[in-house]
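For reference, the structure is listed below as structure tokens.
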Amino acid sequence: MRPLDENETTLVFNKLHKFVGNNLKNIVLESQSHEGPDANPGRYCFRLQKKRVYYVSESLVKRATNIKREKLVSLGTQIGKFTKSGKFFLTIQSLNLLAANAKHKVWLKPTSEMSFLYGNSVLKGGVGRITENIQVNDGVVVFSMADVPLGFGDAAKSTVDCRKMDPNGIVIHRHADIGEYLRMEDEL
């Protein structure tokens with residue numbers, strides 16, 4: 001497990017910034033860890049292990065140095081992974097981190113929650129509420145009406161366009177949802 005290099009850090013921060021905006025500083029600078037047996041476990045940091053990026057406390061990173069890299073399976077919360085071509089994708093495990101710091105949010109009606117959890121995009125007819133000032137291709141976190149985070153994706157339309165579009169039009173292109181825990185159990 002090693003720290004991210006400059007190029008990897010840029011890719012990760014750009015992707016996170018798409019979803020959390022200026023709240024990225026809360027994740028990177030102001031996050032105090034509560035994990036580990038130490039009295040002062042330190043802050044959270046990003047680490048790379050086998051093309052997967054983890055968000056982990058510094059205290060756990062220090063303790064993990066006793067384990068060989070080949071034997072270490074996971075540490076902290078996996079937030080994404082790099083592809084063979086070098087692109088970075090957020091995984092569903094990052095949902096709690098994104099939901100706590102989300103810049104743009106969409107709440108789904110109960111009737112369309114299952115459709116989203118089966119891997120479909122969000123249609124205009126299924127949107128219960130939507131935050132203001134969403135632009136096309138902005139990162140959006142999807143919630144149920146009970147404020148339970150369900151997943152995240154990209155905005156297909158801006159907030160203004162959503163108000164006057166057809167109920168069967170796509171509002172959010174899905175990236176990940178909590179249904180993946182069942183659908184892709186072996187890959188996570």
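In what follows, every heavy atom counts, from backbone to side chain, and hydrogens, waters and symmetry copies are set aside. Please read all numbers here as calculations on a predicted model, not as lab measurements.
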Can you name the salt bridge (charged side-chain N to carboxylate O under 4.0 Å, His left out) partners of Lys105, sequence neighbours left out? none

Does the side-chain contact (heavy atoms from CB on, under 4.5 Å) test come out yes or no for Thr131 and Trp107, once each step is laid out? CA-CA 9 Å; Thr131 56; Trp107 290 266; 3.9 Å; yes

Which pair of non-hydrogen atoms, one from Ala64 and one from Leu75, has the smallest distance, and what is that distance? CB-CD2, 3.5 Å

Under a 4.5 Å cut-off applied to non-hydrogen side-chain atoms, are Thr77 and Asn96 in contact? no

So Glu180 and Arg174, salt bridge (Lys or Arg N to Asp or Glu O under 4.0 Å) or not? Walk me through it. CA-CA 12 Å; Glu180 288 182 13; Arg174 184 197 71 82; 3.0 Å; yes

Could you list the donor-acceptor pairs under 3.5 angstrom formed by side chains in residues 118-128, with sequence neighbours left out?
residue	atom	partner	partner atom	Å
Asn120	ND2	Ser115	O	3.2
Asn120	ND2	Ser115	OG	3.2

Do Thr83 and Ser85 have side-chain atoms, one donor and one acceptor, less than 3.5 Å apart? yes

Sequence neighbours excluded, the answer for salt bridge (charged side-chain N to carboxylate O under 4.0 Å, His left out) partners of Glu8 is Arg2

On a heavy-atom basis, which atom in Asp147 and which in Arg129 lie closest, and how many Å separate them? OD1-NH2, 4.1 Å

Under the salt bridge (charged side-chain N to carboxylate O under 4.0 Å, His left out) definition, can you give me all pairs with a residue in residues 76-92, not counting sequence neighbours? none

Taking all non-hydrogen atoms of both residues, which atom of Met1 and which atom of Gln49 are closest, and how far apart? N-OE1, 2.9 Å

Phe46 and Tyr54 aromatic centres sub-6.0 Å: no

Do the rings of Phe19 and Phe152 sit parallel, tilted or perpendicular, given the 30° and 60° boundaries? perpendicular

If a pair satisfies salt bridge (charged side-chain N to carboxylate O under 4.0 Å, His left out) and one of its residues is in residues 11-24, list it, with sequence neighbours excluded. Lys18-Asp154

Rounded to the nearest 0.5 angstrom, the CZ-CD1 distance for Phe13 and Ile27 is 9.0 Å

Is it the case that the side chains of Asn7 and Thr10 hold a donor-acceptor pair, with the cut-off being a distance below 3.5 Å and no angle test? no

Could you go through the side-chain contact (heavy atoms from CB on, under 4.5 Å) check for Leu48 and Asp5 one step at a time? CA-CA 9 Å; Leu48 183 73; Asp5 65 26; over 6 Å; no

I need the minimum non-hydrogen distance between Cys162 and Ile130, along with the two atoms involved. SG-CD1, 4.2 Å

Please tabulate, for side-chain N and O atoms in residues 132-143, each donor-acceptor pair with protein atoms closer than 3.5 Å (sequence neighbours left out).
residue	atom	partner	partner atom	Å
Glu132	OE1	Arg163	NH2	3.4
Glu132	OE2	Arg163	NH2	2.5
Asp138	OD2	His104	NE2	3.3
Asp138	OD2	Gln135	N	2.9

